[in-house]
Asks: 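Sharing a structure, written as structure tokens. Questions coming.
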There are 2 protein chains.
Amino acid sequence: MIALTTRIPKPTLERLPLYHRAVESYLAKDQEAISSQELGREIGVDDYQVRKDLSWLGAGGRPGYGYEARHLLERFEEVLGLKRDHTAVVIGAGHLGTALSHYSGFRRYGLRILALFDRDPNKVGKQLGDIPILDIGELGSIIKEQHVPLAIITVPAPEAQRVVNLAVEAGIKAIWNFAPASIQVPPEIIVRNEDLAVGLATLSHYIVYGRPSD
Amino acid sequence: MIALTTRIPKPTLERLPLYHRAVESYLAKDQEAISSQELGREIGVDDYQVRKDLSWLGAGGRPGYGYEARHLLERFEEVLGLKRDHTAVVIGAGHLGTALSHYSGFRRYGLRILALFDRDPNKVGKQLGDIPILDIGELGSIIKEQHVPLAIITVPAPEAQRVVNLAVEAGIKAIWNFAPASIQVPPEIIVRNEDLAVGLATLSHYIVYGRPSD
DNA sequence: TAGATTGTTAATCGATTAACAATC
DNA sequence: TAGATTGTTAATCGATTAACAATC
């Protein structure tokens with residue numbers, strides 16, 4: 001395992017999953033080499049951007065040849081932590097929570113949803129495929145006992161802070177927040193907000209006023 | 001209606017919905033003024049960042065007083081295009097598509113989902129609340145006749161480009177893509193990718209390697 | 001008036017873009 | 001060798017951070 005020498009810039013980090021996917025589809029077509037230009041075309045960035053991004057990983061391209069696809073894939077999976085399996089809990093068994101629990105893409109990225117949590121007695125006790133719906137009261141003990149690093153928040157906005165607090169107290173490492181609410185956590189906790197209002201509002205702005213380049 | 005004199009930077013634009021929500025909750029508490037410091041604390045940015053962001057809107061704060069919450073709200077809604085109603089179609093009536101169609105937040109932001117589209121005959125013809133599920137074959141004519149500006153894509157990745165092409169041909173203006181796939185569109189079309197793989201992969205990286213600041 | 005807080009200018013930081021020598 | 005393409009350095013761009021004079 002090659003160590004990461006330097007911190008990878010956030011914009012680069014967020015492009016890595018896109019490169020990853022592009023390389024996967026290249027491999028599926030039995031192509032073993034890929035150039036920065038080809039890779040860039042796939043995800044809509046320029047070739048020098050690709051080379052700069054890949055340079056953070058020590059990707060090991062060969063001048064005149066390109067990057068070896070299989071090696072590149074290895075490197076992405078290592079850097080993105082996809083080689084290890086992670087577990088997660090989903091808090092909130094509403095439409096979004098159940099939709100995410102069904103999402104097959106997670107398995108593919110090594111994420112296993114252990115359980116859904118809700119406080120509605122009509123939902124608690126049921127199963128969603130092989131994922132049980134448990135009472136929110138059991139959240140803390142499950143997180144602690146199974147050392148679950150990630151909580152996915154899909155409760156209504158007014159509940160969000162409360163359930164986040166429960167997860168944090170139980171020792172969660174990261175929060176993936178789908179509730180339209182700003183949540184406060186201690187600095188060591190990693191938070192990613194997936195706020196639909198942000199997407200909708202910016203799209204709405206562009207629809208009304210046009211895009212920057214117009 | 002006050003015109004936008006300058007292009008708003010993208011990072012600023014994406015913070016506006018968060019400010020908007022914070023101001024709403026301030027108003028709900030009957031507070032009429034809010035300072036850059038208070039607003040910043042709500043969403044986790046510094047006061048000078050808030051002032052810089054608001055300066056793009058000509059927000060009209062008063063030194064020694066702060067910003068008038070009601071006026072600020074007006075301004076946000078104008079800039080984010082929330083004062084006008086938009087229509088949208090959802091393409092893909094799977095778990096995610098139905099979850100999004102149920103999402104009440106959209107109504108609140110003036111977005112009305114006209115219809116869900118799918119190619120599965122078992123789904124077509126049904127209703128989701130008051131939203132009909134229509135055959136994908138009708139997509140083009142609905143977009144054209146109703147001048148629908150926004151298509152929300154929730155089909156499986158391999159289908160994404162195909163349905164996006166249909167929407168583009170019918171004259172769609174913007175695409176909100178939830179499929180884990182890079183899609184190609186003409187330059188005048190606005191695209192926002194809401195790629196769960198990006199979120200998951202970056203979280204996974206931080207869980208394994210720690211955050212930048214550690 | 002005194003205190004609080006804005007709006008804006010300047011300094012810093014970090015990412016993107018460009019260019020090219022190195023090299024497979 | 002000649003051609004293609006990398007890795008890296010330098011230049012540019014844009015956003016964040018800081019500071020402070022203006023002003024309610």
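Numbers restart at 1 for each chain; the letters A, B, ... are given by sequence-line order, proteins then strands.
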Asks: List the residues meeting ring pair (Phe, Tyr, Trp, His ring centres under 6.0 Å) with B:H95, not counting sequence neighbours, and say none if there are none.
Replies: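 B:H95 satisfies ring pair (Phe, Tyr, Trp, His ring centres under 6.0 Å) with A:H102 once adjacent residues are dropped.
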Asks: Looking at every heavy atom in both A:Y209 and B:E78, which two are closest together, and how far apart are they?
Replies: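 So the minimum-distance heavy-atom pair works out to OH-O, 2.8 Å.
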Asks: Which part of the nucleic acid does A:R62 contact within heavy-atom distance under 4.0 Å: base, sugar-phosphate only, or nothing?
Replies: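 Sugar-phosphate only.
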Asks: Identify, with sequence neighbours excluded, every residue that meets side chain to side chain donor-acceptor pair (under 3.5 Å) alongside A:Y67.
Replies: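 If we apply the side chain to side chain donor-acceptor pair (under 3.5 Å) test to A:Y67, skipping adjacent residues, there are no hits.
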Asks: Do A:E159 and A:R162 pass the salt bridge (Lys or Arg N to Asp or Glu O under 4.0 Å) test, and can you show the C-alpha distance, the side-chain angles, and the key distance before you say yes or no?
Replies: CA-CA 5 Å; A:E159 309 292 328; A:R162 196 176 58 79; 3.0 Å; yes
Asks: Mind checking if A:Y48 touches a base, just sugar-phosphate, or nothing, with heavy atoms under 4.0 Å?
Replies: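 Here A:Y48 touches the bases of the nucleic acid.
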Asks: Hey, where on DNA chain C does chain A first and last touch, going 5' to 3'? Cut-off is any atom under 4.0 Å from a heavy atom.
Replies: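 Taking any atom under 4.0 Å from a heavy atom of chain A, the span is C:dA15 to C:dC24.
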Asks: Taking DNA chain D as the partner, which of residues 23-35 of chain A come within under 4.0 angstrom of it by heavy atom?
Replies: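 When residues 23-35 of chain A is checked for heavy atoms under 4.0 Å from DNA chain D, the hits, listed by number, are A:S35.
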Asks: According to side chain to side chain donor-acceptor pair (under 3.5 Å), who are the partners of A:E77, at least two apart in sequence or on a separate chain?
Replies: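 Expected list: A:H20.
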Asks: How long is the gap from CD1 on B:I34 to CG on B:L73, to the nearest 0.5 Å?
Replies: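 Spacing of CD1 (B:I34) from CG (B:L73) equals 11.0 Å.
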Asks: So B:F117 and B:V163, do their side chains get closer than 4.5 Å, heavy atoms only?
Replies: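 Heavy-atom side-chain distance check fails, nothing below 4.5 Å.
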Asks: Can you confirm whether the side chains of A:N165 and A:Q161 place a donor and an acceptor under 3.5 Å from each other?
Replies: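 There is such a pair (donor and acceptor under 3.5 Å, judged by atom type) between the side chains of A:N165 and A:Q161.
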Asks: Side chains of A:R112 and A:R107, heavy atoms from C-beta outward: is any pair under 4.5 Å?
Replies: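 A:R112 vs A:R107: side chains touch.
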Asks: According to a 3.5 Å limit on both distances, what stems of 3 or more consecutive Watson-Crick or G-U pairs are formed with DNA chain D?
Replies: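 Stem list for DNA chain D: C:3-24 with D:3-24.
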Asks: DNA chain D: A:P63 or A:S55, which has the more 5' nearest nucleotide?
Replies: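 Looking at the nearest nucleotide for each, A:P63 comes out on the 5' side.
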Asks: For the pair B:F106 and B:W176, name the ring-plane relationship: parallel under 30°, tilted 30 to 60°, perpendicular over 60°.
Replies: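 B:F106 vs B:W176 ring planes: tilted.
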